[in-house]
Asks: 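First, the structure itself, so that you have it in front of you.
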Amino acid sequence: MRTDGTSPTGTPPIPLHRPYLAGAELSYISQAITSGCIRGDGPFTRRCAALLEQKFGIAKVLMTPSCTAALELAAMLCDLGPGDEVILPSYTFVSTANAVVRLGAKPVFVEIRADTLNLDESRIEAALTPRTRAIFPVHYGGISCEMGQIMELANAHGLKVVEDAAQAVDATYRGRALGSIGHLGAYSFHETKNLVSGEGGALCCNAPELIERAEILRDKGTNRAKFFRGEVDKYTWVDVGSSAIPSEIVCAFLYAQLEAMDAIKARRHAIDIRYREGLSDLEAAGRLRLPAIPEGCDSPFHTVYLMLESGAIRDALMAYLRERGVMATFHFVPLHASPMGRRLGYREGDLPLTEDLAARLLRLPTFFDLSEVEQSRVIDLVASFFAQRSPTSKRRGLSLACVDL
Ligand SMILES: *Cc1c(COP(=O)(O)O)cnc(C)c1O
């Protein structure tokens, strides 16, 4: 990449994400200001929560400043503490594991499936111990984990399920919204996600018995929510707590995005289709694989990634694209192999499948106003990268990548 931000051809670089306005964001923000309420839990916060509850069939949605904050509340609601264990994938963002670790509980990392990069449901049972308290499945790219089997297993063993649905807003599993299936779920509205407010999130409370305590933990350990509803005549300190309430300015921005949810998804779907068409020859030739969408899963089209034959090819393609102004990137250095993972007793080599898949993945720019010209440039560059490399003789076979390794 040149330091002036242009590619060698002089065209501006294509970022992985770009902020955009979907509709009434700015007028809602000024409405919040003129109405005299910019703190949290005002009209826009309530509208966002109500829209999510209705659209996704969630008993109670509590807006939060981030998905990280929602996961932290969820971990507290699971009553996690020292000695407790939680099953989760290592292939996830740090927040899923931090929520567990900060309460003194132990993250038990389980391998992922090669087709979806989600927690491998068939390996959960073997990881259970008498100390297991919860499962935190992560819906990678918004494609659902096998929630039927996960909920069955959890119910059989009395475990709580917290869905990390950060990437899975507006996605379904067998017709049910992701985030609405586990006891609790967590959404993200971070700049990099599908529906955004810069930073933002929501806690989905599906288990009715957890709602009251969730409201208290989120609001400094007080019963202020009950007070606002007129259920108590003054509010007071009743439990531990924090402040996990976003401001009205953030929720005003977000509400406009939520109203435009269908249009945003349709646009992302079109981008997804175009990548699949444009890269279908390379996929058929076994040189890359595009994200799998299993039966029963409805995608929110959060990300388009390429699964490549080897880490070396991934690194070479990423460098090739970046030199030409396309900011393709990878993410999730497996948590067990991170410095913190090692402090928790894990080592590189503990989860070979996770490590292999993470090293071969490359994400392509996918955002609402990615233009057709820009997308064509990305597709053409991927094609020209492969055109100048002959296929590897001993192909480990990307068709194989879906089934075994
Ligand atoms: C983005 C993300 C988070 C964190 O979301 P924030 O809103 O930035 O806190 C957590 N988990 C996963 C899987 C994510 O992709």
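Start at 1 and go down the list; that is how both ligands and their atoms are numbered.
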Asks: Could you tell me if R324 sits above the aromatic ring of Y320, with its cationic atom closer than 6.0 Å to the ring centre and no more than 45 degrees from the axis?
Replies: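 Satisfied, under 6.0 Å and within 45°.
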Asks: List, for ligand 1, each N/O atom that has a protein N/O partner under 3.5 Å away, with both atom names and the distance.
Replies:
residue  : atom   : partner : partner atom : Å
ligand 1 : 5 (O)  : S188    : OG           : 3.4
ligand 1 : 7 (O)  : C67     : N            : 2.9
ligand 1 : 7 (O)  : S188    : OG           : 2.7
ligand 1 : 9 (O)  : C67     : N            : 3.3
ligand 1 : 9 (O)  : T68     : N            : 2.8
ligand 1 : 9 (O)  : T68     : OG1          : 2.5
ligand 1 : 11 (N) : D164    : OD1          : 3.3
ligand 1 : 11 (N) : D164    : OD2          : 2.8
ligand 1 : 15 (O) : Q167    : NE2          : 2.9
ligand 1 : 15 (O) : K193    : NZ           : 3.3

Asks: Please tabulate, for the side chains in residues 97-111, all donor-acceptor contacts under 3.5 angstrom to protein atoms that are two or more places apart in sequence or on a different chain.
Replies:
residue : atom : partner : partner atom : Å
E111    : OE1  : T354    : N            : 2.9
E111    : OE1  : T354    : OG1          : 2.6
E111    : OE2  : L353    : N            : 2.9

Asks: Check whether any side-chain heavy atom of Y275 sits under 4.5 Å from a side-chain heavy atom of V378, and report yes or no.
Replies: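 Yes, their side chains come closer than 4.5 Å.
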Asks: Apply side-chain hydrogen bond (donor to acceptor under 3.5 Å, both in side chains) to D120 and list each qualifying residue two or more places apart in sequence or on a separate chain.
Replies: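 With neighbours one apart ignored, the set is S122, R123.
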Asks: For the residue pair E85 and T129, confirm or rule out a side-chain donor-acceptor distance under 3.5 Å.
Replies: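 Judged by distance alone, the side chains do pair up.
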Asks: So which pairs with a foot in residues 136-151 pass side-chain hydrogen bond (donor to acceptor under 3.5 Å, both in side chains), sequence neighbours left out?
Replies: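 For residues 136-151: H139-E163, Y140-H331, E146-Y173, E146-R174.
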